[in-house]
Visitor: 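Below you'll find the structure I mean.
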Amino acid sequence: MKMLRKRAHALETLLTTWFSAQTTSQSRFWLSCLFLLLLAIGFGQCFWPTTDPARYQCYALTFWFGKQATSWVPAVQCHFLPTTGPQLAFQMLPREYPPLTLLPFSLPLLFPISFYQYVFVGLMALTLLLIFWLLERFGPRGSARLFIFYSVIGAAALVLMRYDLLPALCTLLCVLFAERQRWRLSYLALAIGVLLKIYPILLFPALFLAEQRSTGRLRAPEEVTFSGQVSQFIRAIRHWQWANCVFFVVLLGAVTGFFALFNVDGAILSQVQYFVKRPLQIEAMSGSLLWLLHFVGAPWQGNIYTYGSINFVSTLADPLSRLGTLGFIIGVLVILWQQYQQRYDLLQASIALILLFVATGKVFSPQYLIWLIPLLAYAGASSGFWLLNWSLLSLLTTFIYAFFYAQVPSAIDGQIMIMPYGFFTVVFLRNALFLFITLAYLCNWFDARRRQPLASF
């Protein structure tokens, strides 16, 4: 055990030194190797007809050409599409994604149809390089290397196969613009992120508070008592700057309304219904709690494939999901209140809100790490605490996705699923570690919220 601790400390020292050191030819060589590894893993999956890009291709084809376009690709590729509902062009919108996702989904259609997945992976590789450049240019020293490192160990199989890098880029741009007092651009970046994937809406109240404080419309609390601070906060509301907030809301409404002209249900209702009705997924934090409770007699009838994931069948699933929602609401209020008291800046509040959302949500998919990695890299999360815990969390997540899910056959909606032996144990360990990281960040244990100084520019 002593030898193991010594080797772990030596590895931690090596990584910390690499992330904080000046960029050298040797570091560029290793970065190139890691990037090529991501490309190899991404392009290596393009032969399969059931990948996420293949799913995106179905959405793009059916929107532009109607349901008949599914005959242009292998039959198994678009089997997930509903058999009822709109069948004509410009009416079939993604049921689980905001309609603006059709823009990145459609760009690869400009190339031959058989090249779709390769082009999509190439576009995501360019997005990865853009985030790398932004971190290298504006982040702390070593933040770009940290971004690539965390992407490889935590999301190597998904980072170029999902479009989650696009909203993650938007959240990073939102923070970068806000810290440079470019508020209109910050709200624009956030709005685009929300129009691509709903989760960036979490940053909206934190961005609004940061703007009010920066423009002098919201002063630091002067009262000592809680009631006095609340009273001061309420009195300041009439002095707030609302123009950028209105711009954000109008932009969201205009884009969503445009797609609603083609299909109201697909543009607005389907995403809300999909999120509300989605059951408790087997990797969620509440799912691990349900798995533990079944050892003391809690009902658990099995797992079923619905809503694009494997979910629990249990009478306790819905109450546990609601308990998680309650915890999320309380946590958001606490984070925003602490931001008002200047204990969080915008970046720290953004990371805290996303950590809380994942920890209390009824779904925990591997790609959720992609949402956090650019922000953690910009914060310079390369201390011993982060290198140890986030790296272990990332490796466990990669192991779950690459090892366990590789043993699960492709499924159709409503199919009963049996997970491999050891799956729930490893998921529980990963979730326990994620919960620990979330609590450590919220409570600032081990100085987890400390930011590294930005490079001069």
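Values below: all heavy atoms of this structure, side chains included; hydrogens, waters and symmetry mates excluded.
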Visitor: Give the minimum heavy-atom separation between Phe80 and Arg95, together with the two atoms involved.
Guide: O-NH2, 4.1 Å
Visitor: What about Tyr368 and Phe357, are their ring centers closer than 6.0 Å?
Guide: no
Visitor: Just checking Phe208 against Trp240, ring centres under 6.0 Å apart?
Guide: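 Close enough - the centres of the two rings lie under 6.0 Å apart.
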Visitor: Going by the rule disulfide (SG to SG under 2.5 Å), which residues pair with Cys170 if we only count those two or more places apart in sequence or in a different chain?
Guide: none
Visitor: Looking at residues at least two apart in the chain, or sitting in another chain, which of them share a ring-ring contact (aromatic ring centres under 6.0 Å, His included) with Phe312?
Guide: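 Trp300, Phe424.
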Visitor: Taking the six-membered ring for Trp, are Phe423 and Phe404 closer than 6.0 Å centroid to centroid?
Guide: yes
Visitor: Decide yes or no on salt bridge (Lys or Arg N to Asp or Glu O under 4.0 Å) for Arg55 and Asp52, but give the supporting numbers first.
Guide: CA-CA 5 Å; Arg55 192 182 186 97; Asp52 287 302; 5.7 Å; no
Visitor: Using a cut-off of 6.0 Å, state whether more than 12 heavy atoms not belonging to Arg182 lie near its atom CZ.
Guide: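 Counting neighbours around CZ of Arg182, 12 or fewer heavy atoms of other residues, nucleotides or ligands fall under 6.0 Å, so no.
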Visitor: Examine the side chains of Gln181 and Ser214 and answer whether a donor and an acceptor come within less than 3.5 Å of each other.
Guide: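 Yes - a donor-acceptor pair under 3.5 Å links their side chains.
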Visitor: How would you list, by chain and number, every residue that makes a side chain to side chain donor-acceptor pair (under 3.5 Å) with Gln45, sequence neighbours excluded?
Guide: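 Not a single residue meets the side chain to side chain donor-acceptor pair (under 3.5 Å) criterion with Gln45.
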Visitor: If we only count heavy atoms from C-beta on, is the Tyr163 to Leu123 side-chain gap below 4.5 Å?
Guide: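 The answer is no; the side chains never approach within 4.5 Å.
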Visitor: Let me have the donor-acceptor pairs involving side chains of residues 101-111, under 3.5 Å, with sequence neighbours excluded, atom names and distances please.
Guide:
| residue | atom | partner | partner atom | Å |
| --- | --- | --- | --- | --- |
| Thr101 | OG1 | Pro98 | O | 2.6 |
| Ser106 | OG | Trp64 | NE1 | 2.7 |
| Ser106 | OG | Leu102 | O | 2.5 |

Visitor: Applying side chain to side chain donor-acceptor pair (under 3.5 Å), can you list everything that pairs with Thr215, at least two apart in sequence or on another chain?
Guide: none
Visitor: What is the distance from atom CZ of Phe259 to atom CG of Leu195, rounded to the nearest 0.5 Å?
Guide: 9.0 Å
Visitor: Counting the benzene-type ring for Trp, do Trp371 and Tyr199 have ring centres under 6.0 Å apart?
Guide: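 Yes, they do, as the ring centres are separated by less than 6.0 Å.
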Visitor: List the steps and the verdict of salt bridge (Lys or Arg N to Asp or Glu O under 4.0 Å) for Glu283 and Arg430.
Guide: CA-CA 9 Å; Glu283 286 191 63; Arg430 190 277 308 274; 3.0 Å; yes
Visitor: For Met92, enumerate each residue passing the side chain to side chain contact (heavy atoms under 4.5 Å, CB included) test, keeping only those at least two apart in sequence or located in another chain.
Guide: Thr62, Lys67, Pro86
Visitor: Could you check Gln281, Glu96, Lys277 and say which one makes a side-chain contact (heavy atoms from CB on, under 4.5 Å) with Tyr307?
Guide: Lys277
Visitor: Measure the shortest side-chain to side-chain distance between Thr325 and Thr360 over non-hydrogen atoms and say whether it is less than 4.5 angstrom.
Guide: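 Result no, sub-4.5 Å side-chain heavy-atom pair not found.
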Visitor: Is the distance from the ring center of Phe147 to that of Phe132 below 6.0 Å?
Guide: no
Visitor: With side-chain hydrogen bond (donor to acceptor under 3.5 Å, both in side chains) as the test, pick out the partner of Asp345 among Arg449, Gln339, Arg451, Arg213.
Guide: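 Testing each of Arg449, Gln339, Arg451, Arg213 against Asp345, the sole residue satisfying side-chain hydrogen bond (donor to acceptor under 3.5 Å, both in side chains) is Arg451.
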Visitor: Would you check if there is a donor-acceptor pair between the side chains of Gln57 and Gln77 at a distance under 3.5 Å?
Guide: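 Checked: Gln77/Gln57 side chains pair up, N/O donor to acceptor below 3.5 Å.
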Visitor: Say you draw a straight line from CD1 of Ile351 to CD1 of Ile437; how long is it, rounded to the nearest 0.5 Å?
Guide: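 Separation between the atoms: 12.0 Å.
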Visitor: Does the gap between the ring centers of Tyr344 and Tyr340 come in under 6.0 Å?
Guide: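 No.
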